[in-house]
Number of protein chains: 2
Amino acid sequence: MISQTAEYALRAIVFLAMNKDSAFTTRQISKATRVPSAYLSKVMRALGKANLVKSQRGFGGGFILTKAPDKMTILEILNAVDPVRRIRTCPLGLEAHGTNLCALHKEIDGATAIIEETFSKATIADILSKPTKSIPLIG
Amino acid sequence: MISQTAEYALRAIVFLAMNKDSAFTTRQISKATRVPSAYLSKVMRALGKANLVKSQRGFGGGFILTKAPDKMTILEILNAVDPVRRIRTCPLGLEAHGTNLCALHKEIDGATAIIEETFSKATIADILSKPTKSIPLIG
DNA sequence: AATAATCTGGACATAGATGTCCAATTCGTC
DNA sequence: GACGAATTGGACATCTATGTCCAGATTATT
């Protein structure tokens with residue numbers, strides 16, 4: 001459904017949102033989210049480029065969210081690391097089709113649109129506030 | 001959204017459904033759907049194993065659907081080549097979570113469920129009957 | 001200023017998805 | 001039965017996603 005990288009990015013963001021007033025290092029986030037730390041480093045860079053987290057180098061540095069969890073959607077995070085790709089032109093490259101998708105690709109794109117819509121409405125704050133038997137990520 | 005392999009499988013099935021009374025060879029399907037023929041051969045095998053097409057070897061052989069297009073759903077085809085994976089246990093492998101997904105994974109699995117639901121309701125016959133400016137796959 | 005902690009960027013390694021190829025098998029036609 | 005058409009199965013090649021590593025830059029502390 002979503003890539004491994006996207007899964008990692010979401011875990012990291014949720015973790016930061018749970019502790020949104022302090023910065024955390026890659027190693028700390030890695031430990032809490034069980035994401036390989038070297039790889040997480042890459043993912044965090046991508047999140048930084050997309051302006052979802054800001055980073056501070058050096059001693060006492062780390063990552064922190066750039067905005068409140070209720071302003072941050074799952075879709076934004078996915079798009080930062082592994083963009084949702086809508087189908088805009090005929091995947092067969094048929095000139096005659098061009099921008100008019102056939103029914104098959106309309107259907108697939110329709111499903112993609114539903115996902116996009118669903119994830120655009122789901123904020124990180126929603127995740128944190130949802131009653132559940134398991135605290136997100138940890139124990 | 002869906003893998004390349006799944007896209008290819010859907011094209012092949014739709015093509016066969018459009019001509020559901022005769023058999024077509026890999027080469028013919030490949031030409032019509034613009035799927036690399038050697039790779040399509042593999043995809044067709046997978047569809048055969050899943051009992052969505054039956055094959056006939058030798059002269060005059062080829063592939064034909066095993067059932068009517070209105071009995072065949074997109075989900076079945078996806079599951080034949082690239083199964084929709086629901087999240088059933090905590091992806092972090094946290095013992096304490098076990099089968100109780102945290103809110104993040106509930107959300108992701110929820111989206112997966114929506115896709116599963118959508119595609120389980122969409123039959124190949126639906127695709128063929130939908131009014132559209134572009135005939136599926138061809139011209 | 002020296003040091004240690006931390007991110008940044010990029011090179012490299014591994015694994016899985018995608019794609020190609022060929023020998024073996026099956027089947028219809030002659 | 002010989003031949004050509006077609007699938008089957010598996011080996012191999014290539015590309016992309018995932019994962020590891022290290023040198024360089026930045027920062028707080030001393």
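Here is how names work: the chains are called A, B, and so on, in the same order as the sequence lines, proteins then strands, and each is numbered from 1. Everything numeric here is computed off the predicted structure, so don't read it as measured data.
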Notebook entry, point to check: Between the side chains of Asn51(A) and Thr66(A), does any donor sit under 3.5 Å from an acceptor?
Noted result: no
Check: Going 5' to 3' on DNA chain C, which nucleotide is the first and which the last to come under 4.0 Å of a heavy atom in chain A?
Finding: dA5(C) to dA11(C)
Note to self: Just so I know, are the side chains of Val14(A) and Met18(A) near enough to count as touching, which here means a heavy-atom distance under 4.5 Å?
What the structure shows: yes
Note to self: On the nucleotide dT18(D), are OP1 or OP2 found under 4.0 Å from the side-chain N or O atoms that Thr5(A) carries?
What the structure shows: yes
Notebook entry, point to check: What string of B, S and - do you get for nucleotides 4-10 of chain D, 5' to 3', when a contact is any protein heavy atom under 4.0 Å?
Noted result: BBBBBBB
Notebook entry, point to check: Do Ile114(A) and Ile77(A) belong to the same hydrophobic cluster, where Ile, Leu, Val, Met, Phe, Trp and Tyr are linked whenever their side-chain heavy atoms lie under 4.5 Å apart, directly or via other members?
Noted result: no
Next item on the list: Tell me which residues in residues 77-87 of chain B put a heavy atom below 4.0 Å from DNA chain D, sorted by number, or none.
Entry: none
Item checked: Any donor-acceptor N/O pair, Asp109(B) side chain to Arg86(B) backbone, under 3.5 Å -> no
Check: In terms of hydrophobic clusters joined by side-chain contacts under 4.5 Å, are Leu47(B) and Ile64(B) together?
Finding: no
Check: Does Glu76(A) come within less than 4.0 Å of Lys67(A), counting only side-chain N to carboxylate O?
Finding: yes
Item checked: Criterion side-chain hydrogen bond (donor to acceptor under 3.5 Å, both in side chains) on Ser22(A) and Asn19(A), from CA distance to verdict -> CA-CA 6 Å; Ser22(A) 34; Asn19(A) 306 277; over 6 Å; no
Next item on the list: Using modelled atom types only, decide if a donor and an acceptor are shared between the side chain of Asp126(B) and the backbone of Thr123(B) within a distance under 3.5 Å.
Entry: yes
Check: Can you name the closest pair of heavy atoms from Thr112(B) and Arg85(B) and give their distance?
Finding: CG2-O, 3.7 Å
Margin query: Applying a strict under-4.5 Å side-chain criterion to I, L, V, M, F, W and Y, I'd like to know whether Met1(B) and Leu10(B) cluster together.
Written below: yes
